[in-house]
Amino acid sequence: METSCRRTIADPAGRPVLSFVEGTRAGRPYADLSQVLGPGAVEAIRRHLPGWVVSGDEDLGRALLAIGARPLRHAHAYSRDLRAEPAPAEWAETGYGVVSCDAVPPAEVLPAWLAAYPPGHPDHTPGDDVNGLRRHLEPLLRGEILGPLLPCGGLLLKDGRVVAGVVVGTAPGEPPFSGPWVLDAFRDPRPEFAGLGAVMLRRALALATLHGQPALGLAVTDGNPARRLYERLGFRHTLTSMTVIVPD
């Protein structure tokens with residue numbers, strides 16, 4: 001996903017009815033953080049933004065679904081304020097080998113990443129291994145999703161292979177809805193690796209605190225049980241959004 005500037009669209013009388021951050025997502029133009037400014041927003045979206053990806057609150061999302069929009073994601077955003085609630089420095093020590101996200105070839109990250117999102121998981125994406133690698137994982141690990149990656153992320157190795165990881169970038173704007181952002185957090189789901197996702201998230205929070213970051217945010221898909229972990233780690237719910245593709 002790439003984002004740029006905020007813009008507005010108006011109704012036929014010229015009254016602003018929707019504000020959003022313009023960008024791209026999944027190869028389509030993207031209206032992120034959409035805010036309804038007045039009556040007629042859905043009609044204006046249908047008229048001005050056909051084929052766009054639109055993210056907004058649940059009311060807007062459901063209204064767009066009612067006119068035939070295709071759902072992409074129903075998610076909950078969280079943020080931990082690291083100035084008001086700094087993470088303990090000892091969380092930075094994991095007791096395991098951790099390397100930067102670009103230190104391992106994406107093909108060696110892929111097995112654990114795919115295993116973390118099996119069929120039936122809210123974030124499972126159908127497709128073969130090659131598609132997953134090329135369409136999402138490679139640009140994610142290269143820092144092409146939301147700009148350069150931050151060093152508070154990393155990949156955890158056991159017996160020389162990746163079993164968990166946290167990827168952190170910077171979303172344009174200010175916390176709690178933007179700023180330093182967890183782009184992905186994954187773990188090989190086998191029982192022997194239980195708890196390592198939490199280890200990596202604690203490390204990310206501790207390093208972000210030590211590096212002077214104001215906050216760390218993330219989004220979790222509705223129905224993902226990891227939401228409970230984020231809440232235990234001090235992330236606070238900030239908003240719920242729905243992302244849809246507007247009919248052409």
Measuring from L18:CG to I9:CD1, what's the distance to the nearest 0.5 Å?
4.5 Å
Return the CZ to OG distance between R6 and S34, rounded to the nearest 0.5 Å.
7.5 Å
For residues 168-177, dump all side-chain donor-acceptor pairs below 3.5 Å to protein atoms at least two apart in sequence or in another chain.
none

Under a 3.5 Å distance rule, please check whether S19 uses its side chain to pair with a backbone N or O of T8 as donor and acceptor.
no
Linking I/L/V/M/F/W/Y whenever their side-chain heavy atoms sit closer than 4.5 Å, directly or via other members, would L141 and L114 fall into one cluster?
yes
Who passes salt bridge (Lys or Arg N to Asp or Glu O under 4.0 Å) against R70, sequence neighbours left out?
none
For the student: nearest non-hydrogen atoms of C101 and V167, plus distance:
SG-CG2, 4.0 Å
Single-linkage hydrophobic cluster V42~L37, side-chain heavy atoms < 4.5 angstrom
no
Transitive ILVMFWY side-chain link F193 to W113, under 4.5 Å
no
Nearest 0.5 Å, please: how far is CD1 in I145 from CZ in R25?
10.0 Å
In short, A107 meets P111 closest at the heavy-atom pair O-CD, 3.4 Å
Run the side-chain hydrogen bond (donor to acceptor under 3.5 Å, both in side chains) test on H74 and E58 for me, step by step, so that the C-alpha distance in whole Å, both residues' side-chain angles and the decisive distance to 0.1 Å come before the verdict.
CA-CA 8 Å; H74 182 192; E58 289 180 290; 2.9 Å; yes
Check ion pair E43-R47 (N to O, under 4.0 angstrom)
no
Which residues pass the side-chain contact (heavy atoms from CB on, under 4.5 Å) test with T94, sequence neighbours left out?
Y96, V98, V199, R203
On a heavy-atom basis, the closest approach of V244 and P71 is CG1-CA, 4.2 Å
Residue pair W181 / L216, side-chain heavy-atom distance below 4.5 Å:
no
H48 side chain to A10 backbone, donor-acceptor under 3.5 Å
yes
Side-chain contact test, heavy atoms from C-beta onward, threshold under 4.5 Å: evaluate it for L201 versus W91 and give yes or no.
no
Quiz: residues 220-229 side-chain donor-acceptor pairs under 3.5 angstrom, not counting sequence neighbours:
from: T221; atom 1: OG1; to: R73; atom 2: NE; distance (Å): 2.7
from: T221; atom 1: OG1; to: R73; atom 2: NH2; distance (Å): 3.0
from: T221; atom 1: OG1; to: D123; atom 2: OD1; distance (Å): 2.4
from: D222; atom 1: OD1; to: H76; atom 2: NE2; distance (Å): 2.7
from: N224; atom 1: OD1; to: A226; atom 2: N; distance (Å): 2.9
from: N224; atom 1: ND2; to: D123; atom 2: OD2; distance (Å): 3.4
from: R227; atom 1: NE; to: Y78; atom 2: OH; distance (Å): 2.6
from: R227; atom 1: NH1; to: H76; atom 2: NE2; distance (Å): 3.1

I'd like to know if the side chain of H237 reaches the main chain of L239, judged simply by a donor and an acceptor atom lying under 3.5 Å from each other, with no hydrogens or angles considered.
yes
Restricting to side chain to side chain donor-acceptor pair (under 3.5 Å), what partner residues turn up for D11, sequence neighbours left out?
R15
Is the shortest heavy-atom distance from the side chain of R62 to the side chain of M242 under 4.5 Å?
yes
Ignoring hydrogens and angles, write down the donor-acceptor pairs under 3.5 Å from the side chains of residues 49-57, residues two or more places apart or on other chains.
from: S55; atom 1: OG; to: Y30; atom 2: OH; distance (Å): 2.8
from: S55; atom 1: OG; to: T243; atom 2: OG1; distance (Å): 2.6
from: D57; atom 1: OD1; to: D59; atom 2: N; distance (Å): 3.2
from: D57; atom 1: OD1; to: L60; atom 2: N; distance (Å): 2.8

About how many Å separate CD1 of I245 and CG of L65, when rounded to the nearest 0.5 Å?
11.5 Å
Solution key, residues 147-166 side-chain donor-acceptor pairs under 3.5 Å, sequence neighbours excluded:
none

Got a sec, which residues hit side-chain contact (heavy atoms from CB on, under 4.5 Å) with A115, two or more places apart in sequence or on another chain?
P189
Would you check, one step at a time, whether the test side-chain contact (heavy atoms from CB on, under 4.5 Å) holds for H136 with D184?
CA-CA 11 Å; H136 184 82; D184 208 327; 3.9 Å; yes
Any side-chain heavy atom of S178 sitting closer than 4.5 Å to one from L33?
yes
Donor-acceptor contact below 3.5 Å, side chain R80 vs main chain E85:
yes
Residues clustered with L210, ILVMFWY side-chain links under 4.5 angstrom
L207
Name all residues meeting the side chain to side chain donor-acceptor pair (under 3.5 Å) criterion together with D102; count only those two or more places apart in sequence or in a different chain, and write none if there are none.
S100
Minimum heavy-atom separation for A44 and V17, please, with both atom names.
CB-CG2, 3.5 Å
Sort and list the pairs that fulfil ring pair (Phe, Tyr, Trp, His ring centres under 6.0 Å) and have at least one residue in residues 141-176, not counting sequence neighbours.
none
Output the distance between atom CG (D81) and atom CD (Q213), rounded to the nearest 0.5 Å.
12.5 Å
In terms of side-chain geometry, is the basic nitrogen of D188 or R190 positioned less than 4.0 Å from the acidic oxygen of its partner?
yes
Is there a side-chain contact (heavy atoms from CB on, under 4.5 Å) between Q35 and F20 once you walk through the steps?
CA-CA 6 Å; Q35 298 177 345; F20 59 90; over 6 Å; no
More than 12 non-hydrogen atoms from neighbouring residues, nucleotides or ligands closer than 6.0 Å to CD on E93, yes or no?
no
Is there a chain of hydrophobic side chains (I, L, V, M, F, W, Y, each step under 4.5 Å between heavy atoms) that links F186 to L218?
no
Could you work out, with side-chain contact (heavy atoms from CB on, under 4.5 Å) as the rule, every residue matching P247, not counting sequence neighbours?
A69
